[in-house]
Amino acid sequence: MSDFIIRPVRIDDASAINEIRRMDGVRENTLGIISDRITKTEDFIRGLSDNDHLLVAEFEEEGARKVVGLIGMNVSRNPRLRHSASIGLMVHPDYQARGIGTALFEKIIDLADNWLMLTRLELAVFVENQRAVKLYESLGFQIEGIKKYASIKNGKYVDEYMMARYNVI
C-alpha cells in the first residue's frame, strides 16, 4: 500500500485523532471513551515534550488527505530509565489490515533503535486482542506478563499483556 505517508503529528490533526480514538473498533482496544473532547486531544498535542514522538499515517483518498492512524512513543524522563520507552498505536477501523499499523511501528522502531539508541520498547495490549498481539510479536515484542483486571472494557474488567522488545547491542 503506497497511498499513505507517515509524518510527525500537527495540531490540526487533533480532530481526526480524536475521532479515531472514540470510534467503535478502536475505543475498545485503547483507553478512549466516547465523550473524549477535541480540546483534550489538542492539549495533549500541545503538551508534547522532546521525549514524546507522535507519528500519523495520512491516507490520500479522492485527492484529499486524511489521518487514519497514529503511533506514539514516550521515552522515560527518569535518568535510570532513559533507555526505555512506551508505545501506543491506533488505526481507523476502515483502514485496518492494510499494513498501516506495521508501517507506523517500523518507523517508530527505526527512530528508537537507530536515532535514540533505546534498548527497551514496551506496550500493553488486551489479552483478547490477538490480532494486535500477533502484529507485535511479528515486530519482535515478547509477552513479559499479565496485568490482571487492568482496565474496563464493555462493562467488564479485562487483563492486559505487558509486552516488550529489546535492542541490546
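On a predicted model such as this, the values are computed, not experimentally measured, just so you know. The residues of the chain are indexed from 1 along the displayed sequence.
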Start with the C-alpha distance between Phe105 and Phe141, add both sets of side-chain angles, then the distance that settles ring-ring contact (aromatic ring centres under 6.0 Å, His included), and finish with yes or no.
CA-CA 11 Å; Phe105 252 99; Phe141 286 80; 5.7 Å; yes
Charged N-O contact under 4.0 Å between [X] and [Y]:
{"X": "Glu128", "Y": "Lys153", "value": "yes"}
{"X": "Asp13", "Y": "Arg65", "value": "no"}
{"X": "Glu58", "Y": "Lys66", "value": "no"}
{"X": "Asp36", "Y": "Arg22", "value": "no"}

Taking atom types as modelled and ignoring hydrogens, do the side chains of [X] and [Y] form a donor-acceptor contact shorter than 3.5 angstrom?
{"X": "Asp52", "Y": "Ser49", "result": "yes"}
{"X": "Tyr95", "Y": "Glu61", "result": "yes"}
{"X": "Asn167", "Y": "Arg120", "result": "no"}

What closest approach, in Å, do Asn18 and Ile38 show between heavy atoms, and which atom pair accounts for it?
ND2-N, 3.6 Å
Over all atoms of both residues, closest heavy-atom pair of Ile20 and Val67:
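Looking at all heavy atoms of both residues, the closest pair is CD1-O, 3.5 Å.
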Quick check with a 6.0 Å cut-off and a 45 degree axis cone: is Arg131 positioned over the face of Tyr136's six-membered ring?
no
For Phe126, check ring-ring contact (aromatic ring centres under 6.0 Å, His included) against everything at least two apart and list the hits.
none
Got a donor-acceptor contact below 3.5 angstrom from the Gln96 side chain to the Val91 backbone?
yes
Side-chain donor or acceptor of Glu42 paired with backbone N/O of Lys40 under 3.5 Å
no
